[in-house]
S.K.: 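I'd like to ask you about the structure that follows.
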Amino acid sequence: GTRSCHGEAVVSTQSTGEGDPHVRVWDCETFETLAVLGLGNLQRGVGSVSFSPDGSKVLAVDEGNDHTIYIYDLKKKAAIASQKGHQDPVLGAEYLPGQNNKFITYGKGHIIFWEQDGNKLVKKSGLFEKHPKPRFITSLAFTDKGEPLTGDSNGNLFLWNPNERKISKSKVGAHEGSVYSISVKGDDIYTGGQDCKVKKFSGSDLSADDSWQLDSATHGRVKAIAFVGEDLAVGTYNNGMLFGKFGDEPEQLIYGHGAGDLWGGAHHPSENTFATVGQDKVVYIWDAESHTPKHVFKVEKPAQACCFSPCGSVLAVASTTGEWWVLDSQNGLVLSSYKSGPEQIDAIAYSPDGSSIAVGSHDNYVYLFESTNLRAEYKPIGKCTGHSSFITHLDFSDDGKVLQTTSGDYEHLFWDATNGDQITSTKDMRDVNMSTYTCTLGFPVCGIWPVGYDGTDINALCRSHNDKLLVTADDFGLVNLFRYPCCNPTAEWSSFRGHSAHVTKVRFLHGDKEVFSLGGRDQSIIQWGIC
């Protein structure tokens with residue numbers, strides 16, 4: 001969703017997940033809902049919201065085919081004007097400073113100047129004239145004089161005369177690639193772009209003043225900038241936030257994963273730390289108490305799954321292309337590397353004593369290796385053949401001799417972990433205790449499936465180390481807590497919402513006092529306390 005602030009109120013949008021699209025206005029101090037706007041009218045989602053300068057109105061743009069503009073009166077809690085916006089995507093909307101009836105929308109190939117006249121909205125397009133028309137206008141800010149300033153996908157800056165709707169000044173090639181954010185401070189203009197630079201321009205003629213190059217390998221791109229006093233906050237493409245004086249070495253306050261979904265996570269067996277691995281090829285070892293990374297490593301391929309050895313000295317990281325590596329968990333040194341099939345690896349785990357490791361692939365096989373010496377080359381000892389779909393989860397028994405697995409077609413099978421032979425007599429498995437329980441199928445967890453869920457709706461499961469609790473992650477943005485064992489289909493549970501889309505991983509931390517969860521599309525990492 002999108003957000004906008006005014007004084008002690010904040011407006012946010014609900015675009016995905018549970019419920020119809022709507023705009024919600026919150027009190028910033030009490031977090032109480034002041035108004036719910038647009039239910040039943042807004043189509044598909046809400047792309048942009050903005051308060052009027054006096055705070056009496058909220059502007060919203062929906063995600064329907066016409067990207068309709070709605071003006072809501074906060075006292076009436078109702079729409080007082082609406083108008084079709086543009087058939088092409090609208091990326092943003094802002095009121096002009098000090099103008100409660102005038103606002104701008106912008107997006108793919110357009111900028112539109114609007115004026116509200118009672119219950120009517122009058123629109124007039126901006127004129128590029130001789131200036132290069134961009135594919136997208138990507139950012140908007142206002143000078144101290146209230147003049148609109150846009151950045152676009154060509155890397156250009158344009159200063160607009162809002163009355164004539166024409167460009168009064170331009171800076172072509174301000175950035176290499178898109179200009180994602182603009183912040184005005186006094187007579188200076190600061191921009192952040194696709195080239196991972198923050199640049200400073202003179203407000204009088206848009207001439208370049210200074211440039212601040214950030215590490216593109218670490219941060220990707222500069223996506224947002226804003227001043228906090230004299231310091232500059234910089235949001236990055238890789239979900240990080242930097243803070244500091246322009247031009248100085250910044251302090252990184254927030255770390256995160258970048259491109260692709262986030263699926264891989266593992267708890268440390270004896271410390272209050274955990275690992276996450278992403279399709280951005282980055283490996284984080286997190287301190288769960290300080291919520292900061294202890295170590296950051298890079299791997300060669302997009303990562304999908306990981307696991308610590310029982311002693312915690314090594315971390316196995318599996319990729320989306322069949323490669324997997326054994327890393328020193330303190331310095332990231334690659335101790336050995338392997339290729340187990342040509343496809344994605346979703347599940348990987350060491351046996352309880354660390355003498356073997358199982359690798360579950362999208363080619364429907366589980367590859368078994370002897371890992372007696374964790375830091376030396378591992379030896380193949382077998383391959384589990386029998387699943388008719390990709391491997392989703394796997395667990396070793398307490399003695400490390402039995403392996404249980406689940407697959408994409410909801411099979412739950414057992415294997416001899418010493419050679420990969422399938423164990424077809426499931427009655428012999430009734431008294432076998434699993435060292436971990438992450439498989440989403442099986443008698444001890446058959447009560448985790450609420451009415452209406454299908455086999456794809458629960459993405460991850462984890463039993464606590466003391467065998468008393470069970471936590472699941474689902475497609476609806478929920479983390480769900482059960483008692484273990486959970487064999488009753490009417491079992492009670494508690495659900496907790498924090499993610500904006502599907503939750504891909506949940507794990508209890510060492511000590512069972514906390515759980516961490518990973519969001520796939522939102523790439524967020526959330527820690528939960530067990531009360």
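Values in this document were obtained by computation on a predicted structure and should not be read as measured data. Atom set for the values below is all heavy atoms of this structure, side chains included, hydrogens, waters and symmetry mates excluded.
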S.K.: Show the numbers, then the answer: is there a side chain to side chain contact (heavy atoms under 4.5 Å, CB included) between Thr33 and Val25?
M.R.: CA-CA 6 Å; Thr33 297; Val25 183; over 6 Å; no
S.K.: Applying side-chain hydrogen bond (donor to acceptor under 3.5 Å, both in side chains), which residue pairs with at least one partner in residues 233-245 are found, sequence neighbours left out?
M.R.: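 Found Asp231-Lys245, Asn239-Gln523.
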S.K.: Set out, in order, the CA-CA distance, both residues' side-chain angles and the distance that settles side chain to side chain contact (heavy atoms under 4.5 Å, CB included) for Leu214 and His219, then state yes or no.
M.R.: CA-CA 7 Å; Leu214 303 177; His219 305 300; 4.2 Å; yes
S.K.: Between Asn272 and Asp287, is there a side-chain donor-acceptor contact under 3.5 Å, judged purely by atom types and distance?
M.R.: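 Result is no, nothing qualifies.
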S.K.: Check the pair Thr191, Leu157 against side chain to side chain contact (heavy atoms under 4.5 Å, CB included), reporting the backbone distance first and the verdict last.
M.R.: CA-CA 9 Å; Thr191 61; Leu157 283 178; 3.9 Å; yes
S.K.: Which residues pass the ring-ring contact (aromatic ring centres under 6.0 Å, His included) test with Trp325, sequence neighbours left out?
M.R.: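 By the ring-ring contact (aromatic ring centres under 6.0 Å, His included) rule, Trp325 matches no residue at all.
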S.K.: Under the ring pair (Phe, Tyr, Trp, His ring centres under 6.0 Å) definition, can you give me all pairs with a residue in residues 166-185, not counting sequence neighbours?
M.R.: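 Pairs touching residues 166-185 that pass the test: none.
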S.K.: For the residue pair His110 and Ser125, confirm or rule out a side-chain donor-acceptor distance under 3.5 Å.
M.R.: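 On atom types as modelled, these side chains do not qualify, holding no pair under 3.5 Å.
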S.K.: Is the backbone N or O of Gly85 less than 3.5 Å from a side-chain atom of Lys123, with the two atoms forming a donor-acceptor pair by type?
M.R.: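 Flag set: sc Lys123 to bb Gly85 pair under 3.5 Å.
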S.K.: Please determine, by modelled atom types, if Asn480 and Ser495 share a side-chain donor-acceptor pair under 3.5 angstrom.
M.R.: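 Looking only at side-chain atoms, Ser495 and Asn480 do form a donor-acceptor pair, the distance falling under 3.5 Å.
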S.K.: With sequence neighbours left out, what residues match Glu514 under salt bridge (charged side-chain N to carboxylate O under 4.0 Å, His left out)?
M.R.: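 None.
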S.K.: Answer yes or no for Lys185 and Phe227: cation-pi contact, defined as NZ/CZ to six-membered ring centre under 6.0 Å and angle to ring axis within 45°.
M.R.: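 Geometry flag: set, cation within 6.0 Å and 45°.
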S.K.: Which residues pass the salt bridge (charged side-chain N to carboxylate O under 4.0 Å, His left out) test with Glu251, not counting sequence neighbours?
M.R.: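 Glu251: no salt bridge (charged side-chain N to carboxylate O under 4.0 Å, His left out) contacts found.
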S.K.: Distance only, no hydrogens: is a donor on one side chain within 3.5 Å (strictly under) of an acceptor on the other, for Asp54 and Ser52?
M.R.: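 Yes, a side-chain donor-acceptor pair sits under 3.5 Å.
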S.K.: Identify which one of Gln43, Lys84, Arg44 satisfies the side-chain hydrogen bond (donor to acceptor under 3.5 Å, both in side chains) criterion when paired with Asn65.
M.R.: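 Exactly one candidate clears the test, Arg44.
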S.K.: Tell me every residue that passes side-chain contact (heavy atoms from CB on, under 4.5 Å) with Asn161, counting only those two or more places apart in sequence or in another chain.
M.R.: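 Scan of Asn161 (side-chain contact (heavy atoms from CB on, under 4.5 Å), adjacent residues dropped) gives Asn163, Glu164.
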S.K.: Check whether the side chains of Thr105 and Trp114 place a donor and an acceptor atom closer than 3.5 Å, and report yes or no.
M.R.: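 Yes - a donor-acceptor pair under 3.5 Å links their side chains.
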S.K.: Does NZ belonging to Lys77 count more than 12 external heavy atoms closer than 6.0 Å?
M.R.: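 It does not: Lys77 NZ has 12 such atoms or fewer within range.
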